[in-house]
Amino acid sequence: MRPLIIAANWKMNTTPADAGELAATIAARTEEPTVTRVICPPYVCLAAVRDALVGKNVGVGAQNVHHELAGAYTGEVSASQLNGLATWVILGHSERRRDQFESDALIGKKLARAISSGLRPILCVGELLDERESGRAVEVVATQLRGALAGNDVDALIGGGFVIAYEPVWAIGTGRTASAADAAAMAEAIRAALAADLGWGKAADAVPVLYGGSVTSANIAEFLAEHSIDGGLVGGASLKPDEMAGMVASAAVVAKARAAAEGKPA
Ligand code: PGA
């Protein structure tokens with residue numbers, strides 16, 4: 001059974017002075033053992049968030065990592081520098097693809113580094129609006145997956161808890177979401193691409209696929225009602241404790257229902 005995951009992407013919000021308190025408030029409002037919770041603050045807030053979350057069973061993630069471990073890379077942060085600060089990392093977010101021109105090949109190198117460094121990666125994929133409207137969404141996402149995953153070892157990725165977030169670019173921060181049916185179809189297409197194109201076979205079933213793009217407490221249940229979707233990567237709403245409480249509560253209901261359907265205790 002795949003875990004239910006609610007991951008908060010705080011993007012370039014919060015400061016070291018206020019991030020710890022926000023993280024602690026969210027942790028206290030979302031205590032649900034059946035849901036994997038992750039908070040990804042800016043680099044400069046990682047220490048404050050880590051300290052605030054000690055003993056709270058909430059993962060801490062970075063929003064990016066460099067593919068080299070050290071060297072002349074001004075402004076970058078390596079996996080070894082994240083050691084002790086983060087155990088998760090978001091990779092290939094569309095804002096980085098757009099603003100930092102990250103390519104699939106570069107994201108693939110970051111993925112390899114994350115896995116070899118013990119950081120659990122959330123690989124973001126998703127199409128632009130014109131790509132969806134011209135019927136090319138699945139092809140675009142499959143190309144992103146092939147580009148980032150070619151050369152990465154399947155067993156290492158699965159063992160490292162590899163997660164994919166499907167985030168249609170046009171739904172991020174816009175208040176507009178994919179329909180639950182379209183998001184579910186994409187999650188299935190993603191696993192089909194892993195299984196067939198990348199030759200992962202049955203291992204593809206183990207990969208959690210999250211939906212991201214204007215997720216809120218009001219709409220998350222529609223996405224989680226789809227069996228192929230295993231949680232959310234949440235931006236704007238993840239900065240609001242009430243929203244996080246609502247989203248994690250919805251995910252807990254689904255986690256229990258899925259466990260019951262499989263005849264397992266939640
Ligand atoms: P949003 O961002 O929830 O604000 O749309 C999601 C993301 O970029 O991960």
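All values derive from a computational prediction rather than experimental measurement. Counting convention: from 1, in listed order, for ligands and their atoms alike.
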Would you check whether Gly236 has a nitrogen or oxygen atom less than 3.5 angstrom from a nitrogen or oxygen atom of ligand 1? yes
Using atom types as modelled, flag every donor-acceptor pair under 3.5 Å from a side chain in residues 19-28 to any protein atom, sequence neighbours excluded.
unit_1: Thr25; atom_1: OG1; unit_2: Glu21; atom_2: O; d: 2.8

For the pair Phe223 and Tyr211, name the ring-plane relationship: parallel under 30°, tilted 30 to 60°, perpendicular over 60°. parallel
Pull out every atom of ligand 1 sitting under 4.0 Å from any heavy atom of Lys11, numbered as shown with elements. 2 (O), 6 (C), 7 (C), 8 (O)
Identify which of Ala165, Ala8, Gly173 has a heavy atom lying nearest to atom 5 (O) of ligand 1. Gly173
Close-contact set for ligand 1 against Ala171 heavy atoms, below 4.0 Å: 5 (O)
Is it true that, when you exclude Asp197 itself, more than 12 heavy atoms of the residues, nucleotides or ligands shown sit nearer than 6.0 Å to its CG? yes
Part of Ile172 with heavy atoms under 4.0 Å of ligand 1, whether side chain, backbone, both or neither: both
With a 4.0 Å cut-off on heavy atoms, is Ala237 touching ligand 1? no
Quick one: does Gly235 get an N or O within less than 3.5 Å of an N or O on ligand 1? yes
With a cut-off of 4.0 Å, which atoms of ligand 1 are near a heavy atom of Gly213? 5 (O)
Within 4.0 Å of some non-hydrogen atom of Asn9, the atoms of ligand 1 are 9 (O)
Basic-acidic side-chain contact under 4.0 Å: Lys109, Asp104: no
Proximal ligand 1 atoms for Glu167, defined as those under 4.0 Å from one of its heavy atoms: 6 (C), 7 (C), 8 (O), 9 (O)
Thr174 N/O to ligand 1 N/O under 3.5 Å: no
Are Lys11 and Glu95 ion-paired here, with the side-chain N under 4.0 Å from a carboxylate O? yes
Got a sec, which residues hit salt bridge (Lys or Arg N to Asp or Glu O under 4.0 Å) with Asp153, two or more places apart in sequence or on another chain? none
I'd like to know if Lys256 and Glu32 make a salt bridge, using a cut-off of under 4.0 Å between side-chain N and carboxylate O. yes
